[in-house]
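To find a chain, count down the sequence lines: A is the first, B the second, and so on, and within it residues start at 1. Computed over heavy atoms, backbone and side chain alike; hydrogens, waters and symmetry mates excluded.
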Amino acid sequence: MNAILGGLNPAQQEAVEVLSGPVLILAGAGSGKTKVLTHRIANLIAHGTRPDQILAVTFTNKAAKEMRVRLWKLLERQQGPEFDDTGLEPPRSFMPYMGTFHGICVRILHIEHLAAGVERNFTIYDSDDQLTLIRRILRNLHLTGDKSLTPKIVHGQISHWQTLGMSPQDATKEAFYPNQKKISEVYVEYEREKRAAGALDFDDLLTRTADLLQSNSEVRAKWQQKFQHILIDEYQDTNSVQYRLIKYLVNAERNICVVGDDWQSIYSWRGADFTNILNFERDFPGAKVIKLEQNYRSTGNILAASQKIINQNKTRTDKHLFTEAGNGNPITIENLLDENGEANYVAHQIVKMEPGRKWSDFAILYRTNAQSSAFEKAFMAAKIPYKIIGGVRFYDRKEVKDLLAILKLLANPHDRVSLERVAKNILAGVGQASLDKLFAQFDADPEVSLRTAAESLGGKAKMSVLRLANFIEEYRGQIVISAEVEEGDQKDTSATATAQTLELAEVVEQAVKYFDFATLVHSETPDGEERMRNLEVLASNATVYESLEEFLTDASLLSSADEANSGNAVTMMTLHAAKGLEFPIVFIVGLEEGLFPSSRSDGSEEALEEERRLAYVGMTRAMKELFLTFASSRYAFGGRTYNAPSQFLLELGYNPYGSGGFGESGAYDIVMSNDSADFGILGGDPDGEFARKKTKEDNFESQPEPVDTFDSFPEDVPVFEG
DNA sequence: GCGTGTCAGCTTTTT
DNA sequence: GCTGACACGC
């Protein structure tokens with residue numbers, strides 16, 4: 001058996017071997033989905049498809065990177081020594097285009113900027129930038145002070161319209177409520193400002209590309225011709241615009257392969273629509289449907305418990321996951337006093353289990369990023385190495401964004417949001433009034449230079465803006481702004497013609513000096529030292545990029561979960577960030593009503609089902625051991641809250657009163673079994689569905705020994721703060 | 001224009 | 001309990 005088909009089960013082999021026509025792979029958790037995708041790509045290449053004719057869309061950049069590395073290793077095994085696996089990322093020229101929808105759209109828009117009617121060096125506005133812009137428009141339209149028109153609400157409505165494909169004009173027509181009418185006015189201005197600034201927001205990246213492919217048959221034909229094979233991972237998480245994109249990119253051969261699992265759809269809050277995957281056979285008649293149902297990751301108990309959770313959902317397809325692994329150890333449910341008790345309990349368990357394992361075998365998954373702090377404290381005290389995935393992105397730190405704003409101005413001097421940021425945070429003496437004057441100049445004459453516009457200012461403001469203009473003029477000519485794009489690039493040579501004499505990192509370092517960041521961040525303070533270090537990291541990150549534009553694109557599109565996370569340490573992250581990963585031992589913490597499921601899902605059956613899918617995703621990350629914990633009370637919003645155990649625990653058969661009451665530390669071993677003759681739950685099972693016959697002893701006298709309690713950890717027993 | 005004080009919103013999840 | 005937006009006064 002060759003390297004491509006070896007080690008695959010029959011369903012997986014089929015998914016790798018059926019190379020033409022539409023293919024839908026319904027891949028259960030842990031069923032070897034990534035393996036199938038990489039082997040399928042390798043097989044395409046083995047059958048003569050050129051790598052650059054393959055488009056593989058992943059949900060995160062991290063997933064794309066992982067697939068690149070795995071494909072590279074596989075090709076190396078196939079092709080022999082010329083594919084030298086140096087451990088580094090493989091050269092992109094040998095590889096298919098792999099990336100997120102946003103990433104591929106940026107690429108298409110760069111190449112097709114003339115046809116798409118966008119600037120060659122368009123700036124990407126992230127949500128922060130969008131809010132800045134909306135705030136300014138609200139001010140200009142005298143709409144501030146209205147609590148029902150916060151920048152956030154306005155942004156939500158505009159983004160909703162964008163995703164529906166509605167222009168500001170459409171929105172103005174359709175707006176019905178007074179607030180909608182006001183927001184539609186903001187929308188008109190918002191679009192105008194973005195255009196004036198040569199900027200696209202996250203939604204634009206997708207909609208502009210879809211619109212281009214829809215309206216321009218020549219461009220559409222070109223890209224359809226280019227991508228002979230399209231693979232889409234996490235298809236259940238695609239939204240309506242992404243769905244449109246796929247439809248326009250697929251050519252008459254219909255070589256499209258999508259992989260997904262409706263049980264793991266956890267992004268509907270941002271527009272994902274898992275009916276896309278349910279409708280695939282309707283959209284692509286004759287599609288080959290392959291189900292991957294054998295789970296290679298988890299023990300029988302973990303799989304059975306996950307299954308029991310997902311079974312509560314009404315809206316879902318039927319799948320029958322199975323494993324050949326044994327039942328393994330029981331799942332542990334533990335009730336702690338508060339968030340510190342919870343963190344100490346987890347730390348203690350990890351210390352106990354660590355011998356013979358690596359720290360990186362453990363993962364802690366929570367619903368919200370805010371939950372990480374108690375664990376940081378406890379792990380620091382217990383001297384357990386840990387790493388936090390997610391949270392504040394490196395590129396979202398204030399000082400980093402400030403410096404990036406300068407770089408963005410180098411790439412695109414018309415970028416008003418960045419100018420506003422630089423003026424307010426970096427330049428001395430330039431406030432709102434000066435900015436308004438500058439923008440008025442730009443509105444009067446879009447081509448006017450910053451230097452000329454500065455003439456309308458006086459005194460200190462003028463000096464500062466001229467100083468900024470000097471910097472931009474000095475360095476703009478000395479760095480590579482745009483990447484050379486291959487084939488068919490309708491090149492606008494003006495931006496790329498100048499000779500590169502400076503590395504990006506040098507420009508970053510120059511900017512730090514020129515704008516005196518040391519003073520700005522108070523570098524003598526501990527906090528300031530760290531900020532200065534971040535700027536050094538920024539410079540060092542810049543060294544791997546060949547053009548400013550690539551660097552800025554990644555700075556906008558890389559998520560915090562994409563950031564480096566190697567090393568031997570316990571991993572902490574949100575349940576969302578954990579999708580696609582696996583760990584021998586998993587702790588899901590904070591299983592409390594209002595936290596998980598989130599109180600935001602109250603009253604909505606759909607939202608609750610999504611929370612349940614999230615629980616399913618979390619539980620199926622575990623290979624060997626699964627711990628579920630909840631705290632009787634927890635700090636939130638500066639006050640102490642008291643939460644009931646999560647309904648998901650009750651669904652698993654947990655009985656909160658089973659161990660003599662609430663608020664006491666007690667452990668439950670919940671045994672889930674594949675073997676229906678031996679389903680057993682110790683500690684309670686309200687509906688009795690999976691319980692062995694309960695006796696009084698089971699509930700009151702013969703409680704199973706707690707796996708561990710606080711009593712063995714006296715110095716860490718939290719003081720009840722009330 | 002800038003520093004200071006007050007207040008509100010915040011903890012879902014992310015490209 | 002923290003952050004950031006805004007108002008106010010200098």
Lys460(A) NZ - dG1(B) P separation (whole Å): 11 Å
Contact letters for nucleotides 1-10 of chain C, in which S counts primed atoms plus P, OP1 and OP2 and B counts the base, heavy atoms under 4.0 Å: B---SS----
Partner set under ring pair (Phe, Tyr, Trp, His ring centres under 6.0 Å) for Tyr190(A), not counting sequence neighbours: none
Integer-rounded Å distance: dT11(B) C1' and Glu339(A) CD: 13 Å
Any Thr150(A) side-chain N or O less than 4.0 Å from OP1/OP2 of dG9(B): no
Euclidean distance, atom CD of residue Glu610(A) to atom P of dT14(B) [Å, nearest integer]: 13 Å
Short side-chain N/O contact to dG1(B) OP1/OP2 from Ser434(A), under 4.0 Å: yes
Nearest-0.5 Å distance, NE2 of residue His110(A) to SG of residue Cys105(A): 12.0 Å
Check: Phe515(A) ring centre within less than 6.0 Å of Phe471(A) ring centre: yes
Atom pair distance, as rounded to whole Å: CE in Met463(A) and P in dG1(B): 16 Å
Whole angstrom value for the distance that separates C1' of dT14(B) from CG of Leu205(A): 14 Å
Nearest-angstrom distance, P atom, dT13(B) to dG4(C): 16 Å
Residues in side chain to side chain donor-acceptor pair (under 3.5 Å) contact with Ser646(A), at least two apart in sequence or another chain: none
Qualifying residues under salt bridge (Lys or Arg N to Asp or Glu O under 4.0 Å), relative to Lys460(A), sequence neighbours excluded: none
Sugar-phosphate, base or nothing in reach of Ser556(A), heavy atoms under 4.0 Å: nothing
Within residues 423-432 of chain A: residues closer than 4.0 Å to DNA chain B (heavy atoms): Ala428(A), Gly429(A), Val430(A), Gly431(A), Gln432(A)
Rounded interatomic separation in angstrom, taking CZ from Phe202(A) and C1' from dT14(B): 9 Å
Length of the line joining Lys152(A):NZ and dG9(B):P, which is rounded to integer Å: 11 Å
Partners meeting ring pair (Phe, Tyr, Trp, His ring centres under 6.0 Å) with Phe227(A) (sequence neighbours left out): Trp223(A)
All ring pair (Phe, Tyr, Trp, His ring centres under 6.0 Å) counterparts of Phe587(A), not counting sequence neighbours: Phe627(A)
Sugar-phosphate only, base, or nothing, as touched by Phe596(A) at under 4.0 Å among non-hydrogen atoms: nothing
Sugar-phosphate, base or nothing in reach of Asp126(A), heavy atoms under 4.0 Å: nothing
Non-neighbouring partners of Gln236(A) that pass side chain to side chain donor-acceptor pair (under 3.5 Å), sequence neighbours left out: Glu234(A)
Working for side chain to side chain contact (heavy atoms under 4.5 Å, CB included), residues Phe375(A) and Val589(A): CA-CA 10 Å; Phe375(A) 289 91; Val589(A) 300; 3.6 Å; yes
Residue mapping more 5' on DNA chain B - nearest nucleotide basis, Ala577(A) or Leu435(A): Leu435(A)
Qualifying salt bridge (charged side-chain N to carboxylate O under 4.0 Å, His left out) pairs, either residue in residues 626-637 of chain A, two or more places apart: Glu342(A)-Arg634(A), Glu592(A)-Arg634(A)
Sugar-phosphate only, base, or nothing, as touched by Ala433(A) at under 4.0 Å among non-hydrogen atoms: sugar-phosphate
Closest-nucleotide 5' rank along DNA chain B - winner of Ser599(A) and Ala461(A): Ala461(A)
Centroid distance under 5.5 Å and plane angle under 30°, Trp269(A) vs dT13(B): yes
Separation of dT11(B) C1' from Leu575(A) CG (nearest whole Å): 14 Å
